[in-house]
Amino acid sequence: MIFPCYNEEAVLPDSSTKIFNYFEGLIKQHIISSESRICFVDDGSRDKTWKIISKIDKPYVNAIKLSTNFGHQKALLAGLSTFANQFDAYVTLDVDLQDDIQVVSQMIEKFKEKNEIVYGVRSDRTSDHFFKRKTAEIFYKMFEKMGVKTVYNHADFRLISNRALQHFLKFNETHLFLRAIFPAIGLKHTNVYYKRLKRELGESKYPLKKMLSFAWDGITSFSVAPLKFVLFIGLLAIVISVGLLTWASIQLLLGNTITGWYSTVTLIIFFGGLQTFAIGIIGEYVGKIFIQTKNRPRFLIEEIIKR
Ligand code: UDP
Ligand code: MG
């Protein structure tokens with residue numbers, strides 16, 4: 001079980017007790033082996049998160065401290081890749097336990113039925129406030145329209161087999177968007193459903209701005225639909241301009257002088273804006289290529305506690 005943690009000092013004492021109780025329960029019921037482990041990944045927290053994690057005295061708790069804040073996705077990558085080939089299956093879930101930990105036993109059941117990926121799907125998001133729920137819904141639909149394969153209402157609560165992990169590690173992209181990578185892997189998979197719980201303590205590390213940029217990152221990492229869209233707008237503008245030109249020519253031939261400072265200026269501004277917009281979209285992709293070609297490490301580990 002892998003838990004990414006970023007500035008979670010408020011959450012950890014309470015969450016970790018719940019996690020340990022549940023985990024020990026799974027071992028007692030022989031659902032998982034006693035060789036199983038929990039791993040907390042401290043994603044460059046600035047509060048006491050690492051202090052709390054490193055002091056945990058349980059024989060089954062591992063911990064990774066990243067050198068700075070790399071973001072949720074890369075924290076998961078750090079946890080998964082560090083322990084690749086050491087376990088049969090891996091579960092990732094949020095340390096605030098908004099992803100209902102009680103569902104993990106169902107995930108393991110599905111894994112034992114030979115599923116390589118088990119997606120945790122939110123059947124009920126009433127705990128998220130209206131705006132977050134709606135924007136999330138719009139994004140899932142947008143992904144679908146743009147041909148990005150994702151599992152509706154699934155975030156990063158999932159179980160993956162070691163085989164799925166090996167495949168995942170072949171995806172070398174800098175801009176990680178895990179929820180679209182795993183569906184791209186394929187393999188036998190299924191869903192389990194859970195009610196998304198409320199964050200009891202601390203606050204969300206995903207404010208609107210970060211959420212929007214994450215969604216945009218997902219789109220531009222998996223789809224060229226925005227590029228096609230500007231191509232379409234460009235073509236449409238050409239068609240309209242030919243129509244307008246024809247109309248203006250006819251008026252000229254008929255001897256109707258066309259006054260038109262406003263229309264001219266409006267058109268100049270409109271097309272100026274359109275071109276800048278198109279360049280901006282292309283620039284987003286070029287920027288991504290630029291960063292990807294550098295092939296920089298996606299995370300850096302400062303310290304590991306392995307048991
Ligand atoms: N998280 C992280 N790095 C970050 C932001 C968040 O590791 O840069 C972790 C965080 O500690 C939590 C999980 O990712 O375990 C989900 O974050 P959060 O609960 O703030 O997001 P929300 O549930 O509000 O979408
Ligand atoms: Mg949360």
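First listed ligand is number 1; within each ligand, the first listed atom is number 1.
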Which heavy atom of the protein is the closest neighbour of [atom], given with residue, atom name and distance?
atom	result
atom 21 (O) of ligand 1	Y206 CD1, 3.4 Å
atom 25 (O) of ligand 1	K132 NZ, 3.0 Å
atom 1 (N) of ligand 1	Y6 CB, 3.7 Å
atom 3 (N) of ligand 1	D43 OD2, 2.6 Å
atom 20 (O) of ligand 1	K205 N, 2.4 Å

Under a 4.0 angstrom heavy-atom cut-off, which atoms of ligand 1 come close to [X]?
X	result
R196	22 (P), 23 (O), 25 (O)
R199	18 (P), 19 (O), 20 (O)
D96	19 (O), 23 (O)
S204	20 (O), 21 (O), 22 (P), 24 (O)
N69	3 (N), 4 (C), 8 (O)
E8	10 (C), 11 (O), 12 (C), 15 (O)

Using a 6.0 Å cut-off, check whether atom [atom1] of [X] has over 12 heavy atoms from anything other than its own residue.
X	atom1	result
K134	NZ	no
R307	CZ	yes
Q292	CD	yes
E173	CD	yes
F229	CZ	no
K210	NZ	yes
K195	NZ	yes

Requested in this report: Give a yes or no on whether Q98 keeps an N, O or S atom under 2.8 Å from the Mg ion (ligand 2).
Outcome: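 It does; at least one qualifying atom falls short of 2.8 Å.
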
Report summary line: Honestly, for K210 the part within reach of ligand 1 (heavy atoms, under 4.0 Å) is side chain

Requested in this report: Select one of side chain, backbone, both or neither to describe which atoms of H72 lie under 4.0 Å from any atom of ligand 1, heavy atoms only.
Outcome: both

Report summary line: Smallest heavy-atom separation, H72 atom then D43 atom, equals N-OD2, 3.7 Å

**Report entry** Shortest non-hydrogen contact between V95 and F3, atoms and distance
**Finding:** CA-CD2, 3.9 Å

Query - ligand 1 to P4 polar contact by distance, N or O atoms, under 3.5 Å - result: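 Such a contact does occur with ligand 1.
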
Requested in this report: Indicate yes or no: does an N/O atom of E203 lie under 3.5 Å from an N/O atom of ligand 1?
Outcome: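 Min N/O separation from ligand 1 is not below 3.5 Å for E203.
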
Query raised in the report: Are any of the heavy atoms in M211 under 4.0 Å away from ligand 1?
Result: no

Query raised in the report: Given the side-chain rings of F277 and F271, with only the six-membered ring counted for Trp, is the space between their centroids under 6.0 Å?
Result: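 No - the distance between ring centres of F277 and F271 does not fall below the 6.0 Å cut-off.
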
Requested in this report: Could you pull out the atom name of the N/O/S atom in D96 that is nearest the Mg ion (ligand 2)?
Outcome: OD2

Report task. Name the orientation class of the two ring planes belonging to F171 and F168 (parallel below 30°, tilted from 30 to 60°, perpendicular beyond 60°). Result -> parallel

